[in-house]
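One structure is given here, and the rest of the page talks about it.
For clarity, every value in this text was computed on a predicted model and none was experimentally measured.
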Amino acid sequence: MSETRFGQNLDKSTQEEGEIFAPRFNADGLITAVAVDADTKRVLMVAHMNAEALAKTLETGEAHYWSRSRNELWHKGATSGQIQRVEEMRVDCDQDAIEMRVRVSGDGNCCHTGRRSCFYRRVSMDQNGEARLTKTDMAFTG
């Protein structure tokens, strides 16, 4: 386990306006993390971090997540080569979500489908009032 420590139990004013980083993990010990392309600001993926993943990300400068499906720490790109180098990390107003501006190594993709971003389908309503998905990014950049 990492030695990085986070603030805890802050009052609302300090949580929202102060300088103490005190991430608010949910009941499962996770915080939502959004990876954004450092240049284009396009959302690449959304994942989750536990305290260890967040600490390792801060310590190494490379994105680490908590895989809910595998129930293990996940160093993004360790097997695919799609390592996410964190250029900047931000936290939202109540410190329960992280935004990371990243540069991606390897083929530049983030999605396991071979696409640059995991957000490649648009949701819209059809004539019958049903929600439908339309692919917006058919290109594979690998």
Quiz item: Are L58 and I31 linked, directly or through other ILVMFWY residues, by side chains that come within less than 4.5 angstrom of each other?
Solution: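 Yes, it is one cluster - the side chains of L58 and I31 are joined through contacts under 4.5 Å.
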Quiz item: Any link between V43 and M100 through a network of hydrophobic side chains (Ile, Leu, Val, Met, Phe, Trp, Tyr) touching at under 4.5 Å?
Solution: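 Cluster IDs for V43 and M100 differ.
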Any chance you could measure [X], atom [atom1], to [Y], atom [atom2], to the nearest 0.5 Å?
X    : Y    : atom1 : atom2 : answer
L30  : D96  : CG    : CG    : 12.5 Å
E16  : D11  : CD    : CG    : 9.5 Å
C118 : H112 : SG    : NE2   : 7.5 Å
R132 : E130 : CZ    : CD    : 4.5 Å
M49  : W74  : CE    : CH2   : 10.0 Å
T136 : R122 : OG1   : CZ    : 5.5 Å

Quiz item: F21 vs F6 aromatic rings, parallel, tilted or perpendicular, using cut-offs 30° and 60°?
Solution: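 Correct class here is perpendicular.
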[X] versus [Y]: any side-chain heavy-atom pair under 4.5 Å?
X    : Y    : value
L133 : V123 : yes
W66  : N71  : yes
M45  : V102 : no
R68  : D28  : no

Determine the minimum heavy-atom distance between [X] and [Y], stating which atoms define it.
X   : Y   : result
Q84 : A35 : OE1-CB, 3.8 Å
A63 : V86 : N-CG2, 4.0 Å
L54 : P23 : CD2-CG, 3.7 Å
L10 : A22 : CD1-CB, 3.5 Å
R70 : S67 : N-OG, 3.1 Å
N50 : F25 : C-CE2, 3.6 Å

Distance-only, no hydrogens or angles: does the [X] side chain make a donor-acceptor pair with backbone N or O of [Y] under 3.5 Å?
X    : Y    : result
T32  : H48  : no
Q95  : I20  : yes
T57  : H64  : yes
Q82  : V104 : no
N109 : G114 : yes
K76  : C110 : yes

What do you reckon, is [atom1] of [X] surrounded by more than 12 foreign heavy atoms closer than 6.0 Å?
X    : atom1 : answer
K12  : NZ    : no
R103 : CZ    : yes
E72  : CD    : yes
R42  : CZ    : yes

Quiz item: Is the closest basic N to carboxylate O distance between E99 and R101 below 4.0 Å?
Solution: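 Counted as a salt bridge, because a side-chain N and a carboxylate O are separated by less than 4.0 Å.
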